Amino acid sequence: MFGCIVPGFAPQQNFQQVDPQRWVLTFCVPLASDQLVVYLAAGATPLPPGLGGGVYISKMGEPAFEYLGCLTNEKPSAIVTIPTHLVNNVHPHTLCVGVSLDTVDNLRNLDGEVRHRGLLYLSRKAELATQIGRDLYNYLQSFAKPSAPGGPADMLVVPSSILDKWMERLAARIQLDAKFSKD
């Protein structure tokens, strides 16, 4: 009834029905992308009128699923983004994609929440970029030497290796704080 395309893997249509209104598919990461496509399989029985399939994801063994998007007879496929905390290519684990039948109205409400989360995500990423830029500026400022007498007062003169040192420092900070760059 449903199919899934995970970049780097063959298309999967082996969703297992776990009850009359729910199906799951499991796959192991590492992933080539943080997106996947879920679709209504060609030739499958159409969804009942007024119902759609909510697409969810969870780490295997965890009870909570996160809503990603939906499928309907009018929109038979969806490209969804896997939350960053579930994409871990360092320590491979198994993810479950679930599809659950629900009313189209409920799924539209959930879609609105996902869009809102996406805007918050972009806002946090912009804030993170600003913080990183500010950190770089402050770091460079700490190595500043006065410019030549009579030269521009707003000139920052630093050794050329400083950016390399800053990148190493930033990488170390990110490794120490697992949530540093997470949404």
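All values derive from a computational prediction rather than experimental measurement.
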Trainee: Using a 3.5 Å cut-off and no angle test, enumerate the donor-acceptor pairs between side-chain atoms of residues 6-16 and protein atoms at least two apart in sequence or in another chain.
Mentor:
| unit_1 | atom_1 | unit_2 | atom_2 | d |
| --- | --- | --- | --- | --- |
| Gln12 | NE2 | Ala10 | O | 3.2 |
| Gln13 | NE2 | Tyr39 | OH | 3.2 |
| Gln16 | NE2 | Asn14 | O | 3.2 |

Trainee: Quick one: pull up CZ in Arg108 and CG in Asp102 and give me the separation to the nearest 0.5 Å.
Mentor: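 Here the rounded value is 12.0 Å.
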Trainee: State whether the number of non-hydrogen atoms from other residues, nucleotides or ligands found under 6.0 Å of Lys165 atom NZ is greater than 12.
Mentor: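 No - once you tally the heavy atoms of other residues, nucleotides and ligands closer than 6.0 Å, there are 12 at most.
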Trainee: For the backbone of Gly69 and the side chain of Tyr67, can you confirm whether one donor and one acceptor N or O come within less than 3.5 Å of each other?
Mentor: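 Yes; at least one donor-acceptor contact below 3.5 Å.
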Trainee: Treating Ile, Leu, Val, Met, Phe, Trp and Tyr as nodes and any side-chain heavy-atom pair under 4.5 angstrom as an edge, say whether Phe2 and Ile5 lie in one connected cluster.
Mentor: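 Result: no, two separate clusters.
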Trainee: Does Ile79 CD1 have over 12 foreign heavy atoms under 6.0 Å away?
Mentor: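 Check fails, neighbour count at 12 or below.
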Trainee: Residues in side chain to side chain contact (heavy atoms under 4.5 Å, CB included) with Asn138, at least two apart?
Mentor: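 So Asn138 forms a side chain to side chain contact (heavy atoms under 4.5 Å, CB included) with Arg134.
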Trainee: Considering non-hydrogen atoms only, spot the tightest contact between Thr72 and Gly52 and give its length.
Mentor: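 Looking at all heavy atoms of both residues, the closest pair is CG2-CA, 4.3 Å.
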Trainee: Answer yes or no: is there a side-chain heavy-atom contact under 4.5 Å between Cys96 and Leu25?
Mentor: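 The answer is no; the side chains never approach within 4.5 Å.
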Trainee: Looking at Phe65, Tyr56, Phe27, which one forms a side chain to side chain contact (heavy atoms under 4.5 Å, CB included) with Val97?
Mentor: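 The side chain to side chain contact (heavy atoms under 4.5 Å, CB included) with Val97 is passed solely by Phe27 among Phe65, Tyr56, Phe27.
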Trainee: When you measure from the side chain of Ser58 to the backbone of Ala64, do you find a donor-acceptor pair of N or O atoms at a distance under 3.5 Å?
Mentor: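 Present.
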Trainee: Do Val18 and Trp23 come within less than 4.5 Å of each other through their side chains, counting heavy atoms only?
Mentor: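 With C-beta onward as the side chain, the pair stays apart.
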Trainee: Can you check side-chain contact (heavy atoms from CB on, under 4.5 Å) on Val24 and Gln17, steps first, answer last?
Mentor: CA-CA 7 Å; Val24 295; Gln17 189 166 7; over 6 Å; no
Trainee: Val38 and Leu71: which non-hydrogen atoms are nearest, and at how many Å?
Mentor: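 Between these two residues, the closest heavy atoms are O-CD2, 3.2 Å.
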Trainee: Side chain of Asn73, backbone of Leu47: donor and acceptor closer than 3.5 Å?
Mentor: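 Looks like yes, one N/O pair under 3.5 Å.
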Trainee: Taking a hydrophobic cluster as the set of Ile, Leu, Val, Met, Phe, Trp and Tyr residues connected by side-chain heavy atoms closer than 4.5 Å, whether directly or through intermediates, do Ile132 and Leu136 fall within one such cluster?
Mentor: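 Linked, Ile132 and Leu136 end up in one cluster.
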Trainee: Residues two or more places apart in sequence or in another chain: which of them pass side chain to side chain contact (heavy atoms under 4.5 Å, CB included) with Gln21?
Mentor: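 Per chain and number, Gln21 pairs via side chain to side chain contact (heavy atoms under 4.5 Å, CB included) with Asp19, Leu101.
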Trainee: If we ignore hydrogens and angles and just use 3.5 Å, is the side chain of Lys59 paired with the main-chain N or O of Thr94 as donor and acceptor?
Mentor: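 Side chain of Lys59 to backbone of Thr94: no pair is present.
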Trainee: To check you understand the geometry: which heavy-atom pair defines the closest contact between Gly53 and Val99, and what is its length?
Mentor: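 So the two residues come closest at CA-CG1, 3.9 Å.
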Trainee: For Leu36 and Cys4, what are the C-alpha separation, side-chain angles and deciding distance, and is it a side-chain contact (heavy atoms from CB on, under 4.5 Å)?
Mentor: CA-CA 7 Å; Leu36 53 92; Cys4 181; 3.9 Å; yes
Trainee: We want to know whether Ser161 and Asp164 form a side-chain donor-acceptor pair, criterion being a heavy-atom distance below 3.5 angstrom.
Mentor: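 Side-chain D/A pair, Ser161 to Asp164: absent.
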Trainee: Same cluster or not: are Val80 and Leu86 linked, directly or through other Ile, Leu, Val, Met, Phe, Trp or Tyr residues, by side-chain heavy atoms under 4.5 angstrom apart?
Mentor: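 Same cluster: Val80 reaches Leu86 through Ile, Leu, Val, Met, Phe, Trp or Tyr contacts under 4.5 Å.
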Trainee: Looking only at heavy atoms, what is the nearest atom pair of Pro83 and Leu68, with distance?
Mentor: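 Reported closest heavy-atom pair: CD-CD2, 3.8 Å.
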Trainee: Rounded to the nearest 0.5 Å, what's the gap from CD1 on Ile162 to CH2 on Trp166? Could you check?
Mentor: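 Between atom CD1 of Ile162 and atom CH2 of Trp166 there are 12.5 Å.
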Trainee: Honestly curious: do Leu95 and Met60 fall in one hydrophobic cluster under the side-chain, below-4.5 Å linking rule?
Mentor: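 Different clusters.
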Trainee: Shortest non-hydrogen contact from Leu107 to Gly54?
Mentor: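 Taking every non-hydrogen atom into account, CD2-CA, 3.6 Å.
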